[in-house]
Amino acid sequence: MCGIVSYTGHSQAAPILLDGLSKLEYRGYDSAGLAVRNGENKTRIVKAKGRLKALAEKTDNGHALAGTCGIGHTRWATHGEPSETNAHPHTSDNGNVVGVHNGIIENYQELKNKLLRKGYEFYSSTDTEVAVKLIDYYYKKYEHTPVDAINHAMVRIRGSYALAIMFQDYPGEIYVARKDSPMIIGVENGDCYVASDVPAILKYTRNVYYIGNLEMARLANGTVTFYNLDGDEIEKKPTQIKWDAEAAEKAGYEHFMLKEIHEQPKAVQDTLNSVLKDGAIDLSSVGLTEEELQSFSQVYIVACGSAYHVGVACQYVLEDLAQLPVRVDLASEFRYRSMPLDPNGLVIVISQSGETADSLAALRLAKKKGLKTLGIVNVVGSSIAREADNVFYTLAGPEIAVATTKAYSTQLIAGYCLAVQFALVRGCISKGRYQDLISQLQCLPEQIQKILDDKERIQWFAAKQANARDVFFIGRGLDYAISLEGSLKMKEISYIHSEAYAAGELKHGTISLIEDGTLVIGVLTQSELYEKTISNMVECKSRGAYLMGLTTYGNYNIEDTASFTVYVPKTEECFATSLAVIPLQLMGYYVSVAKGLDVDKPRNLAKSVTVE
Ligand code: AGP
C-alpha cells in the first residue's frame, strides 16, 4: 500500500503535502514525490528514492516548490523497483495529466499495450503511469473534461485505486477517484485536502467526507463536488473525526498488530489476485516456467521464524498436492550443514523483510552451489528479492508490528499457489481439481473476515490466560505447522513460555511438564488425524491440563474433551493453516494486551534480524 495526499487552497501546498506524507510513512517508504502547481504555470514534479527525508531535503522542506495546489505520494513498491523513476507522481507525455495512486491496477499490462498501440511511450515500470496515461488518452479522445476522462478510465481499470489527478488546463483544481483503496477528503476555511488516511490531514481539519467506491470528486475553491460513475453529481454530508493523532495512524486500532491482523483479508486477496489470470495461476511475473516446474526433482525451503513456519506448512501442501520431495530448514542451520544438495533442486527462501541475514546467506550458498532460487518476499527491491533468480512478491504492504501476521498469511498464499501450479503441470491433479483448489483459495479472504468478525470470544478467553506459565500447542501434520506459529505468536509478544509439539511426540518426554491447569491447545483441522490428536489431548487432560480445541465447524464432539473450543470455517484441508492461524494470532495479541505489554515492539526483538 502507499500513501497519497493532496491540497488546494490559500496556503503553499508543498509543506502541507510533506507534513501529510510524514504521517503516512507507515503505509510505504521506499520513495516519495510531489507535484505542485503555481497558478497558470506548468506543474513542477520532484521525486526522491528512499525515506521521505530525502524528498524534504531535495525541496528544502517544500519551500523550493511554490504553488497552492499539489499532490504528494509515499510509495510501497508493488510494480517496479523502488527508484526515482518509479516514484510518483506520474505524468502523461506532455505533462497534461499528473497523478498519484494507491492501489493495484490488475490489468495494467493490457491497458499499457493498448496505449502503446496508440503511440504512448512509458518511462517507468509502474501500473500508475499506465493509469495516468489512460486518463490522458480519454481526456484527448472525449470532451476534454476531467470528469469524463476519469470516468472512462474507471470503467476500463480493474483493480484497486485511490487516485489524485491534476490537469494542465484546470489550474487550482484536483480530481480524485476511488475503488477499494482508502481515501478521505477534508474541507476547512476554503482549503481542500485529500489523503489515504486520517493522520495526514487531522492537523488541518476534522471536517471530512468519505468518498465511496467508484466515485469521483472535484476539489477547487474550497468546495468538493462528488460524481458517480455516470458523471452525475451526488450529494454527500461531512462528518467529524473524533480520533487523536496517534490513534489515527493505526486507523483507530489500538496497535499496528491488530490493524495488520485485520488487513489480512485484503492482503490475501491482493496476493492471490497478483497471480490469478482468467481463473488460472499465472507465474509469469514470478518467472518460473512450466518446463522448470516439471523439471525440479526436489524443493528446499529455507527461512527463519514465522517464515520458517510457512515453510513447514508448505512442505505438507507441496508433498500432498505435487508429490514433490520437500525439505525445510532453518536458514541458520541450512547455511552450516555439509548437506549434499540436489543440483536439480529449487531453493525457496521466504522472508518478509528480504534482509534477514541468515536467510540471505542461505540464498547465496544455494546460488553458489548452482541451484535455482526463488524468493517469497514482501519488500520490493530488498536484498533477497534482488539476488534470488526469481521472486514471488507478497502484497501485504508495509508490516509495522514486529510480530508478523499479514505477511505470514500472504506467504502462505504464495506457497499454496506454487503447490497448486506444481501439481497441475506435473500431472498430479486434474483440471477439475485445479479449478476447485483455486476457488477454495478465493474463498479464504471472506472466511478470514468471518473469523475476525467473531473475535470477541477469543479476546474473552485470552484475557483469562494472562497469568499462564506454560502454554502448549499440539497438532499433527499441518496442525503441527499451525501450532508452531501459534506458539511463536504467544511467546514473542506475551513473554509466556510456550512450546509447539507434534502431538504424537508428547509422550516421548515433554508430557512430563504437564501440570494442573497447564493450558494445552489442540489444533485439529486435519480430519484423518483428528482422533489421534484428541487422544493426545486426553492424555494431557488426565495429567491436569486445561484443554482448548481449535477445529472446523461441525467437529462439535470436541466439546466432550476440550473445555473451550474455537471453530473456523471449513476449507480444503491443505489450506487450513490460513484460517486456523487467525485465532492464534488473536490469542497472542489479547494475552499480551491483558498483560499490558508493548505489543508492537516486544522486548529483545527487531522487525528484521539483519545480524547473524
Ligand atoms: C515473527 O513474528 C517474527 N517477527 C520473526 O520470527 C520473523 O518471522 C523472522 O525474523 C523472519 O523475518 P523475515 O520474514 O523478515 O525474514
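Read the numbers this way: they start at 1 and go in the same order the structure lists the ligands and their atoms.
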Residue-ligand contact T405/ligand 1, heavy atom below 4.0 Å: no
With a 4.0 Å cut-off on heavy atoms, is K489 touching ligand 1? yes
Locate the shortest heavy-atom distance separating R75 from G80; write the atom from each residue and the value. NH2-O, 2.9 Å
Which bit of L605 gets closer than 4.0 Å to ligand 1, counting heavy atoms only: side chain, backbone, both or neither? neither
Residue pair E292 / T289, side-chain donor-acceptor N/O under 3.5 Å: yes
Hey, is R51 close enough to E25 for a salt bridge, meaning N to O under 4.0 Å? yes
For atom 10 (O) of ligand 1, the closest protein heavy atom turns out to be V609 CG2, 4.0 Å
Quick check: are there more than 12 heavy atoms from other residues, nucleotides or ligands sitting under 6.0 Å from CG of N467? no
Report the residue from S353, S351, S382 that forms a side chain to side chain donor-acceptor pair (under 3.5 Å) with S608. S353
Can you find a non-hydrogen atom of S608 under 4.0 Å from ligand 1? no
Can you find a side-chain donor-acceptor pair between Y530 and T551 that sits under 3.5 Å? no
Proximity winner for atom 15 (O) of ligand 1, if only heavy atoms of C304, A401, S353 are counted: S353
What protein heavy atom lies closest to atom 16 (O) of ligand 1? Include the residue and the distance to one decimal. T356 OG1, 2.5 Å
Distance under 4.0 Å to a non-hydrogen atom of V402: what atoms of ligand 1 satisfy this? 2 (O), 3 (C), 4 (N)
What's the shortest distance from atom 3 (C) of ligand 1 to any protein heavy atom, and which residue and atom give it? E492 OE1, 3.5 Å
Quick one: nearest non-hydrogen protein atom to atom 14 (O) of ligand 1, plus distance? Q352 N, 2.7 Å
Option with minimal heavy-atom separation from atom 1 (C) of ligand 1, where the choices are G305, G354, S306: S306
Please lay out, stage by stage, how E446 and K450 fare under the test salt bridge (Lys or Arg N to Asp or Glu O under 4.0 Å). CA-CA 6 Å; E446 190 180 332; K450 177 172 171 28; over 6 Å; no
Going by the atom numbers of ligand 1, which of them fall below 4.0 Å from some non-hydrogen atom of A403? 2 (O)
Correct closest heavy-atom pair for T74 and L24 would be CG2-O, 3.7 Å
